[in-house]
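Please read the structure below before turning to the comments.
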Protein chains: 2
Amino acid sequence: MTQDLEGVVAAETRLSLVDGEGGKLILAGYAVEDLAEHASFEEVAHLLLKGRIPEPTEHRDFAQQLARRREVPGAAAQLLREAAAAKASPIDALRMAVPLLTLGREENPLDDAMTAIGSFPTLVGTYWRLLRGEPAVPVRSDLPHAAHYLHQVFGVEPAVERARALETYLNTVCDHGLNASTFAARVIVSTRSDIISAITGAVGALKGPLHGGAPGPALNMVFEIGTPERAETVIEARLARGERLMGFGHRVYRVRDPRADVLARAAECFYSHDGDRRLYDLARSVEQTALRLLRRHRPRRRLETNVEFYTALLLHGLGLPAELFTPTFAVGRVLGWSAHCLEQLQEGRLIRPQSSYIGPLGLRYHSACAPVAS
Amino acid sequence: MTQDLEGVVAAETRLSLVDGEGGKLILAGYAVEDLAEHASFEEVAHLLLKGRIPEPTEHRDFAQQLARRREVPGAAAQLLREAAAAKASPIDALRMAVPLLTLGREENPLDDAMTAIGSFPTLVGTYWRLLRGEPAVPVRSDLPHAAHYLHQVFGVEPAVERARALETYLNTVCDHGLNASTFAARVIVSTRSDIISAITGAVGALKGPLHGGAPGPALNMVFEIGTPERAETVIEARLARGERLMGFGHRVYRVRDPRADVLARAAECFYSHDGDRRLYDLARSVEQTALRLLRRHRPRRRLETNVEFYTALLLHGLGLPAELFTPTFAVGRVLGWSAHCLEQLQEGRLIRPQSSYIGPLGLRYHSACAPVAS
């Protein structure tokens, strides 16, 4: 009985290899630490959707194709206003708006994928501004993808280091094996449904707290600690109370999550140029103390820094509020969802496992009720 | 390698037992042929959501609770108008509107489930009227669930036999093991996401043609045949050309689908009272001929009448057009999705299978591109 399907292979993929014991993440052949820091998001998107890094002219064409899909349907913009009036959370607003991306278009797998990837920054950025009572900013087709997301959120063109830091983040989280949201997308599209339907389901799955797409709490401990010399006391007290340290430990990785290093370097680079370097140094110091104390208090568990710790530090440094951490994760992961859907459509069959019935048998119905009227 | 997870147990359930070899479907302890024809939809909903058939007073209370959830948020009604203007299909409109059921409400698993079940008839019926340029009709809280759906679609209170026929249909299809849409819902909610998110994903999965929720083509053959004496010639020709006969054969059932008998009886009863009895007799005659010829032409395959054949006949007789067959299936199946989500939340863990990486390894990134600007 493997009701969580742990260890069960449910898909073959050319998209990513997660080696939890070795601490490696391969994205379509490239180590994440090689690819994420250097490649543009558009290059990584081309790699996952089309199987290889594009040549320069292909790169330009592909980037333009993505940029042309930044406008969202009028009904989606209207819906975001309604959701803002109801104070829906940004991830809920995204979940409501994504299904509308089919409006006025013919279904087409690659076009659906490109439309979702291209429009997620618009949906998230627009919604955040509406939620704060600010006007949405028009889409800009002349900005690269990562810069465009920051422009949609903040309404100003970001500095190069800021856009690069976000780009490295998006590349780092763009795919990660058969996580629950990606698997949900593959199950949905395995019926030959459309990719927007599948991505809608994936956003719904990502929303769940067990998914691990909620890095906010990892940073709260850093803020609570405040200065490096308090780290030991605060963390000691937490561990003594038996509390979990957010930002440490991962379901799959038994060694250091390779994404943590990529994001740590991106954060360092960014904080040194254009941020509060003290916060970065504090976070590093908290991390070192936490790892040292975890080894003492939980010697049998191999708890290492996970992707959430540096995600939170990086996104916070970019000025993104904690409410946007999960939606920003979705802006990156929608690429992996899309690529998995294309792969499933091309190669996969209907995914339909079995259930094991543990309920009663042999009951007989005896109606005791007149027709219902209330 | 079981990439479609065939034969893999992914959940324990108290909701339904599908015995494909024996041709049995048990709904929470009751044989479908015992329960579906006699129980009210509200009784079956109580059974699946709360584990037993309600007592009369519970039945009345539960029916009222469901009826109170028939109104949909204003933003959903507005969205349906936008979707109708864009000529979205009814199943796409449902997929777009369902996520909005969280607007203005606090998340709560049972309330989410009841809201989805209670409002699906309103969403589908309203949309169909809007799509045809007719005004939506106000919800009626004094009608039972099945009658309310027909009222939402047609704007008139249905005759008792019509409501009973639909009720039998909804009860018959309300749950069926871990089909792809139900599994998608369980995967999504396994992250501790909300039930509306999960049901949204399930609607997206149901939309896919491989799901088997599209019974329209099964009836087309009956219409094409037109009179009983043409059945043999038309079906012979189809089989000689190697074509599939829609309405026969099922992925799971190796003997007659037990739901086919329930729906055949419901259709007979309804057509005798209030329909074109000749169409019913024609369909029976086509079925007999098809089964006889299938045994001759495909002796090694055990192809029996499936649920789609009589679904199409029944829903057509109720005046529902083929475009509403899949949405009407959703009006019934949303009960199973909801009950599975509640079960998953109560007992299940994060569903996260593995993928097997078959892509390249050891590639190195060499940037060939200047920053992108289009």
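Every chain is numbered from 1 and lettered A, B, ... according to where its sequence line falls, protein lines coming before strand lines.
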So OG of Ser181(B) and CZ of Arg352(A): to nearest 0.5 Å the spacing works out to 9.0 Å

Contact origin within Glu107(A) toward chain B - heavy atom pairs under 4.5 Å: side chain

What I want to find out is whether Asp34(B) reaches Arg364(A) closely enough, with some N-O distance under 4.0 Å, to be called a salt bridge. yes

So, for Ala86(A) and Gly104(B), which heavy atoms are closest and what is the spacing to 0.1 Å? CB-N, 4.4 Å

Which bit of Thr13(A) comes within less than 4.5 Å of chain B, counting heavy atoms only: side chain, backbone, both or neither? both

Chain B interface, residue from Ser197(A), Ala97(A), Gly359(A) that has the most non-hydrogen pairs under 4.5 Å: Ser197(A)

In terms of heavy-atom pairs under 4.5 Å with chain A, the winner among Ala205(B), Ser193(B), Pro353(B) is Pro353(B)

Chain B interface, residue from Gly29(A), Ala28(A), Gly7(A), Pro99(A) that has the most non-hydrogen pairs under 4.5 Å: Gly29(A)

Which portion of Ile199(A) sits near chain B, non-hydrogen atoms under 4.5 angstrom: neither

Residue among Asn179(B), Leu47(B), Leu15(B) with most heavy-atom pairs under 4.5 Å to chain A: Asn179(B)

Picking from Gly204(A), Pro360(A), Ser355(A), Gly201(A), which has the most non-hydrogen pairs under 4.5 angstrom with chain B? Ser355(A)

Under 4.5 Å from any heavy atom of chain A - which part of Asp61(B): neither

Side chains of Arg192(B) and His211(A), heavy atoms from C-beta outward: is any pair under 4.5 Å? no

Begin with the C-alpha distance, continue with both residues' side-chain angles, and end with the deciding distance and a verdict on side chain to side chain contact (heavy atoms under 4.5 Å, CB included) for Val8(A) and Gln354(B). CA-CA 6 Å; Val8(A) 174; Gln354(B) 289 196 327; over 6 Å; no

Looking only at Thr182(B), Leu178(B), Asp194(B), Thr200(B), most heavy-atom pairs under 4.5 Å shared with chain A are made by Leu178(B)

If you count heavy-atom pairs under 4.5 Å between each of Gln78(A), Arg14(A), His145(A) and chain B, which one has the most? Arg14(A)

Sort Ile358(A) into side chain, backbone, both or neither according to what part of it lies under 4.5 angstrom from a heavy atom of chain B. both

Go through the atoms of Ser16(A) and report whether side chain, backbone, both or neither lie under 4.5 Å from a heavy atom of chain B. backbone

Distance-minimising heavy-atom pair for Ala83(A) and Leu103(B): CA-CD2, 4.0 Å

With respect to chain A, which residue among Thr191(B), Val160(B), Leu361(B) yields the maximal number of heavy-atom pairs within a distance under 4.5 Å? Thr191(B)

Applying ring-ring contact (aromatic ring centres under 6.0 Å, His included), can you list everything that pairs with Tyr357(A), at least two apart in sequence or on another chain? none

Over all heavy atoms of both residues, which pair between Leu5(A) and Ala10(B) is shortest? Give the atoms and the distance, please. CD2-CB, 3.9 Å

So which of Leu79(B), Thr102(B), Val98(B) actually passes side chain to side chain contact (heavy atoms under 4.5 Å, CB included) with Met96(A)? Thr102(B)

Do you know the tightest heavy-atom contact between Leu350(B) and Ala180(A)? CD1-CB, 3.8 Å

Max heavy-atom pairs within cutoff under 4.5 Å with chain A, candidates Gly177(B), Gly74(B), Ala39(B), goes to Ala39(B)

To the nearest 0.5 Å, tell me how far Asp92(B) CG sits from Ile196(A) CD1. 10.5 Å

Non-hydrogen atoms of chain A under 4.5 Å away: do they reach the side chain of His176(B), the backbone, both or neither? both

Measure the acute angle between the ring planes of His38(B) and Tyr365(A), then classify it against the limits of 30° and 60° as parallel, tilted or perpendicular. parallel

